[in-house]
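Just follow the structure's listing: the first ligand is 1, and inside any ligand the first atom is 1.
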Amino acid sequence: MITAPKGTHDILPGDAERWQRLEEAARAVLGRYGYGEIRTPMFESTELFAKGVGQATDIVGKEMYTFADKKDRSLSLRPEGTAAVVRAVLEGRLYDGQGTLRLYYLGPMFRYERMQKGRQRQFHQLGVEVFGPASPELDAEVIDALMAFLGALGIEGSQLLVNSIGDGACRPVYRERLTAFIDSIADRLCEECLRRKETNPLRVLDCKNPACIAATAAAPSILDALCEPCARHFAAVCRALEVYGLAYRVEPRLVRGLDYYMRTTFEVVHGNLGAQNALGGGGRYDGLSELLGGPHLPGVGWAAGIERLLLTVPPPAAAAGVDTAVVAVGEAPMLKALALAQKLRQRGESVVMDFKGTSFKAQMKAANKCRARRALILGEDELQGGVVTVKDLASGEQRTIKEDEL
Ligand code: HAM
């Protein structure tokens with residue numbers, strides 16, 4: 001038996017309807033904020049993620065599916081959507097320099113990670129990216145869209161964490177201060193943290209190891225190190241979140257695992273998820289366009305993991321089945337039924353037929369199993385009389401009608 005690759009899963013019938021409902025909710029909610037859909041390729045040049053997400057991040061350094069094509073170009077399955085969307089916006093000149101460009105995407109992402117509840121190697125994201133204004137109120141609107149989406153899914157008990165990680169002016173100063181602190185407690189940190197101290201010391205605050213969390217409890221807070229413009233931006237984000245009536249917690253240790261962020265970062269966590277507790281996260285990335293060779297183009301966005309959302313949404317009510325199941329006994333009735341089924345479908349009904357050629361009883365059982373609303377029964381008697389029997393499978397009520405009255 002060949003099985004699915006580790007870290008992937010099939011989305012089976014039954015489950016697929018839950019995905020469709022989630023996607024419908026996403027389109028409905030994001031439509032109200034003026035978002036349009038964008039679809040980018042599943043793979044990109046490796047350089048895009050190395051530059052955009054950052055060579056020193058775990059995502060690029062350890063987790064990418066990278067391969068050479070037949071012309072020896074280095075390509076990678078996309079581990080996230082932001083860098084690709086920025087590339088597409090620049091390449092397609094989608095932003096005219098005015099107004100606000102609001103985009104969303106839905107699709108698979110790939111990261112070679114250790115398997116855990118809520119963590120796969122192929123997973124799916126709903127993401128949004130918004131370009132144009134560098135306004136803090138836009139950050140709050142983007143966060144409000146995420147919370148509205150979670151609300152539409154019926155997810156309760158999630159918690160919104162927000163932070164600012166400063167900009168090119170104040171972060172280097174904080175980085176130095178933090179590095180000095182880390183040096184003073186280095187003997188209490190794990191190997192990984194010592195490595196991160198060299199590449200990206202802010203990520204030390206993100207370590208899940210309890211000993212490292214305890215050791216860094218007294219680390220200096222980035223919020224005390226923000227420059228005046230960054231502090232003003234963050235205060236304005238919080239003020240707008242309050243206007244939206246969103247409950248949030250300021251979390252100065254929230255640094256996120258991608259290098260392109262500046263100023264606002266945020267994450268939504270949920271208690272039901274275990275160690276991988278982030279339903280979604282995002283932030284502002286005003287420097288990413290320039291990093292990829294484009295003009296200055298401020299951006300802000302988020303992505304949410306669909307598998308994790310589905311672990312959190314309340315179980316759905318039994319899904320609706322089809323309108324009609326055809327029950328035809330005998331060869332001539334079966335052939336007649338083919339035409340009737342086609343006629344009903346042309347009128348917009350959903351119709352299924354059981355082709356096993358089994359007994360009336362077995363076909364009725366199959367009709368119930370696929371949760372049909374009614375059975376259309378056709379035997380030799382019906383065929384002779386030019387009639388069909390229609391049975392309501394919920395009430396059991398049945399009547400015989402002329403075929404042309406169907
Ligand atoms: P991220 O935090 O790396 O951000 O991923 C966003 C969400 O994707 C996570 O909160 C989680 O729900 C889901 N996720 C990530 N990795 C996995 C995995 N291995 N298995 C299952 N779910 C996973 C980004 O990707 C940024 N591009 C978000 C963003 C958009 N920032 C600005 N714009």
Side-chain angles (χ1 to χ4, degrees), residues 5-9 11 22 30 35 38 40 44 48-49 52-54 57-60 62-65 77-89 101-131 138-139 142-143 145-146 149-150 153 155 158-163 165 203 206 254-270 272-289 297-313:
K6 197 169 167 187
T8 71
H9 62 267
I11 300 161
L22 183 145
L30 296 177
Y35 284 89
I38 185 165
T40 63
E44 298 271 356
L48 174 70
F49 302 114
V53 178
T57 60
D58 285 352
I59 295 178
V60 172
K62 298 188 198 164
E63 298 169 0
M64 281 213 296
Y65 283 89
L77 297 184
R78 61 180 186 193
E80 63 103 49
T82 310
V85 170
V86 173
R87 182 210 41 76
V89 166
L101 175 65
R102 293 179 174 84
L103 302 171
Y104 79 91
Y105 51 91
L106 261 163
M109 306 289 161
F110 307 86
R111 296 183 193 176
Y112 192 90
E113 292 200 84
R114 209 139 31 102
M115 294 291 305
Q116 249 180 19
K117 176 180 169 189
R119 193 155 82 179
Q120 295 86 234
R121 291 181 178 169
Q122 176 175 326
F123 61 99
H124 297 72
Q125 283 185 345
L126 165 69
V128 309
E129 312 296 349
V130 182
F131 300 94
L138 177 60
D139 299 3
V142 162
I143 295 174
L146 172 58
F149 170 59
L150 298 181
L153 295 180
I155 292 178
S158 63
Q159 199 181 14
L160 169 63
L161 312 177
V162 295
N163 191 24
I165 57 164
R203 290 280 288 157
D206 213 20
L254 179 68
V255 294
R256 313 250 319 121
L258 306 98
D259 278 356
Y260 47 61
Y261 292 119
M262 61 167 287
R263 295 195 168 161
T264 315
T265 56
F266 54 92
E267 214 158 76
V268 176
V269 295
H270 198 283
N272 279 2
L273 285 169
Q276 298 305 316
N277 67 350
L279 282 175
R284 178 161 281 287
Y285 48 85
D286 294 351
L288 181 55
S289 166
L297 178 55
V300 57
W302 51 258
I306 297 182
E307 285 83 356
R308 290 190 199 172
L309 293 169
L310 289 176
L311 284 173
T312 321
V313 293

Within less than 4.0 angstrom of ligand 1, does [X] place any heavy atom?
X: Gly127; value: no
X: Gly280; value: yes
X: Glu307; value: no

Please round to the nearest 0.5 Å and tell me the distance separating atom [atom1] of [X] and atom [atom2] of [Y].
X: Leu101; Y: Ile38; atom1: CG; atom2: CD1; result: 8.0 Å
X: Glu63; Y: Thr57; atom1: CD; atom2: OG1; result: 8.0 Å
X: Leu309; Y: Leu150; atom1: CG; atom2: CG; result: 6.5 Å

I'd like to check which ligand 1 atoms, numbered from 1 as shown, lie under 4.0 Å from a non-hydrogen atom of [X].
X: Tyr261; answer: 26 (C), 28 (C), 29 (C), 31 (N), 32 (C)
X: Glu80; answer: 25 (O), 26 (C), 27 (N)
X: Glu129; answer: 30 (C), 32 (C), 33 (N)
X: Gly282; answer: 31 (N)

So which bit of Arg256 gets within less than 4.0 Å of ligand 1, heavy atoms only: side chain, backbone, both or neither?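 The part of Arg256 near ligand 1 is the side chain, not the backbone.
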Structural part of Leu279 in contact with ligand 1, heavy atom criterion under 4.0 angstrom: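 Near ligand 1, Leu279 shows its backbone, while the atoms from C-beta on stay back.
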Shortest non-hydrogen separation from Arg284 to Asp139 and the atoms involved: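 Looking at all heavy atoms of both residues, the shortest contact is NH2-OD1, 2.6 Å.
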Closest non-hydrogen atom pair, Glu44 against Ala84: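 Shortest heavy-atom separation between Glu44 and Ala84 comes out as OE2-CB, 3.4 Å.
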With sequence neighbours left out, write down each residue that passes side-chain contact (heavy atoms from CB on, under 4.5 Å) with Glu307, or none if nothing qualifies.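 Result, side-chain contact (heavy atoms from CB on, under 4.5 Å) vs Glu307: His9, Trp19, Gln120, Phe123, His124.
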Using the test side-chain contact (heavy atoms from CB on, under 4.5 Å), find all partners of Tyr65 that sit at least two apart in sequence or belong to another chain.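 Here the qualifying residues are Leu77, Phe110, Tyr112, Arg121.
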Does any N or O of ligand 1 fall below 3.5 Å from an N or O anywhere on [X], backbone included?
X: Glu113; answer: yes
X: Val300; answer: no
X: Gln120; answer: yes
X: Arg111; answer: yes

Side-chain heavy atoms of [X] within contact of [Y], under 4.5 Å:
X: Glu129; Y: Thr82; value: yes
X: Asn272; Y: Leu311; value: no
X: Leu126; Y: Tyr104; value: yes

Please report which non-hydrogen protein atom sits nearest to [atom], along with the residue it belongs to and the distance in Å to one decimal place.
atom: atom 8 (O) of ligand 1; result: Gln125 NE2, 3.2 Å
atom: atom 7 (C) of ligand 1; result: Ala303 O, 3.6 Å
atom: atom 11 (C) of ligand 1; result: Arg308 NH1, 3.4 Å
atom: atom 26 (C) of ligand 1; result: Tyr260 OH, 3.3 Å

Would you indicate which of Gly81, Ala83, Gly283, Gly118 comes nearest to atom 21 (C) of ligand 1 when only heavy atoms are counted?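 Among Gly81, Ala83, Gly283, Gly118, the closest heavy atom to atom 21 (C) of ligand 1 comes from Gly118.
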On the 0 to 90° scale, with breaks at 30° and 60°, tag the Tyr285-Phe131 ring pair as parallel, tilted or perpendicular.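 Perpendicular: the ring planes of Tyr285 and Phe131 meet at over 60°.
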